[in-house]
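I have placed the structure first, in the form of structure tokens, so that the comments after it can refer back to it.
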Amino acid sequence: MIDNFLRWPAGPAAVGADALRCLAALGVLFAAICCEPTDAAILAFALPGCVAPRFLGMRPIADAAFVAILQVAAWSNVADLYTRIAWWDLAVHFLGNGSIAVVLYLALTHAKVLPDPRSPDFSPRLGITVVTALGLSAGAVWEMIEWLGRELASNEIYTGYEDTLSDMALGGLGSLAGGLVLARIPLLQVQAARP
């Protein structure tokens with residue numbers, strides 16, 4: 001994993017993914033200076049996820065897409081888009097849960113808990129099922145964090161029964177879509193042959 005992280009970016013998509021990571025870090029500094037402390041905290045909360053694809057050795061396009069989705073989710077909170085645009089929260093839950101579930105699957109692959117999608121032991125049915133389950137679990141955790149944020153940080157965070165159910169339902173559908181992507185599209189770089 002360290003080798004993946006330290007590898008020099010090859011090609012425009014890899015450079016773009018790394019540029020998005022740098023912008024994410026700069027965004028935290030910007031928010032710390034120009035916005036509320038909670039805004040900087042929200043953006044900082046997304047930073048570990050922004051470096052995860054690099055450690056996992058994801059293909060540059062998938063890497064960049066994941067980082068972009070995380071940043072859209074975080075900045076949408078800072079810009080208050082979740083309350084300004086009625087459907088925005090659901091769209092972000094669909095994309096966010098789906099992509100987070102795929103990255104969780106790939107992390108468990110690196111931990112040797114699940115079969116690598118590039119190996120003959122991988123089955124598309126397993127990938128779809130596990131990614132969907134991971135996404136539903138991540139969605140439940142996401143909703144708990146929203147609730148904790150409302151209780152401990154700011155009562156401006158909107159939570160409620162219908163909001164929670166719709167967020168989890170769309171997150172589950174996004175995770176199913178993420179599982180289909182994992183089953184059909186190679187998301188990890190080709191492994192180099194070892195001497």
Side-chain angles (χ1 to χ4, degrees), residues 1-82 84-85 87-110 117-118 131 134-135 138-139 141-142 145-146 149 167 170-171 174-175 177-182 184-192:
M1 288 177 68
I2 297 296
D3 291 342
N4 287 331
F5 186 75
L6 297 176
R7 184 183 60 249
W8 194 255
V15 171
D18 285 345
L20 286 173
R21 266 183 279 284
C22 291
L23 286 173
L26 290 173
V28 174
L29 293 175
F30 172 81
I33 295 167
C34 300
C35 302
E36 298 293 321
T38 53
D39 295 334
I42 288 165
L43 296 173
F45 186 69
L47 283 181
C50 291
V51 296
R54 191 82 150 94
F55 278 105
L56 295 173
M58 290 178 69
R59 290 179 180 258
I61 294 291
D63 179 353
F66 181 71
V67 174
I69 289 167
L70 282 184
Q71 286 302 295
V72 165
W75 278 101
S76 293
N77 210 326
V78 173
D80 208 23
L81 295 180
Y82 294 121
R84 291 183 192 184
I85 304 170
W87 53 268
W88 194 257
D89 186 41
L90 296 176
V92 172
H93 275 279
F94 181 86
L95 292 171
N97 274 70
S99 58
I100 288 169
V102 168
V103 169
L104 286 173
Y105 183 96
L106 297 176
L108 290 169
T109 291
H110 278 279
R118 300 167 294 192
V131 168
L134 288 169
V141 171
W142 189 326
I145 291 169
E146 280 186 3
D167 289 352
L170 263 291
S175 301
L180 291 167
V181 168
L182 179 75
R184 304 218 179 274
I185 298 172
L187 298 175
L188 293 172
Q189 298 196 38
V190 177
Q191 291 174 324

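Sequence positions, counted from 1, serve as the residue numbers for this chain. These values consider heavy atoms only, across backbone and side chains, with no hydrogens, waters or symmetry-generated copies.
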Could you report the tightest heavy-atom contact between Leu56 and His110, atom names first, then the distance?
O-NE2, 2.9 Å

Just verifying a value: how many Å separate Ser99 OG and Leu182 CG, rounded to the nearest 0.5 Å?
12.5 Å

Can you name the nearest heavy-atom pair linking Ala44 to Val28, along with the distance?
N-CG2, 3.6 Å

With the side chain counted from C-beta on, respond yes when Val78 and Glu36 share a heavy-atom pair under 4.5 Å apart, and no when they do not.
no

Go through the structure and list residues passing side chain to side chain contact (heavy atoms under 4.5 Å, CB included) with Leu108, not counting sequence neighbours.
Val113, Leu114, Leu134

Salt bridge (Lys or Arg N to Asp or Glu O under 4.0 Å) pairs touching residues 57-71, sequence neighbours excluded, are Arg21-Asp63

Please give me the minimum heavy-atom distance between Val67 and Pro53, naming the atom from each residue.
CG2-CG, 4.4 Å

Testing the basics here: between Leu106 and Pro117, what is the closest heavy-atom pair and its distance to 0.1 Å?
CD2-CG, 3.9 Å

Contacts of Phe45 that satisfy side chain to side chain contact (heavy atoms under 4.5 Å, CB included) - sequence neighbours left out:
Ile145

Considering residues at least two apart in sequence or located in another chain, which fulfil the side chain to side chain contact (heavy atoms under 4.5 Å, CB included) criterion with Ala177?
Phe94

Can you sort out the partners of Ile100 under side chain to side chain contact (heavy atoms under 4.5 Å, CB included), two or more places apart, ordered by chain and number?
Phe66, Leu70, Leu104, Ala138, Trp142

Passes side chain to side chain contact (heavy atoms under 4.5 Å, CB included), Val181 versus Val102? Steps please.
CA-CA 9 Å; Val181 168; Val102 168; 5.5 Å; no

State, to 0.1 Å, how close Trp88 and Ser76 come at their nearest heavy-atom pair, and which atoms those are.
NE1-OG, 2.7 Å

By side chain to side chain donor-acceptor pair (under 3.5 Å) - contacts of Thr109 (at least two apart)
none

Value rounded to 0.5 Å, distance of CG in Asn97 from CG in Asp167:
8.5 Å

How far does CD of Gln71 sit from CG of Leu43, to the nearest 0.5 angstrom?
6.5 Å

About how many Å separate CD1 of Ile85 and CG of Leu90, when rounded to the nearest 0.5 Å?
12.0 Å

Near Trp75 CH2, under 6.0 Å, is it more than 12 heavy atoms from other residues, nucleotides or ligands?
yes

Just verifying a value: how many Å separate Ile61 CD1 and Ile185 CD1, rounded to the nearest 0.5 Å?
11.5 Å

Closest heavy-atom contact between Ser175 and Gly135?
OG-CA, 2.9 Å

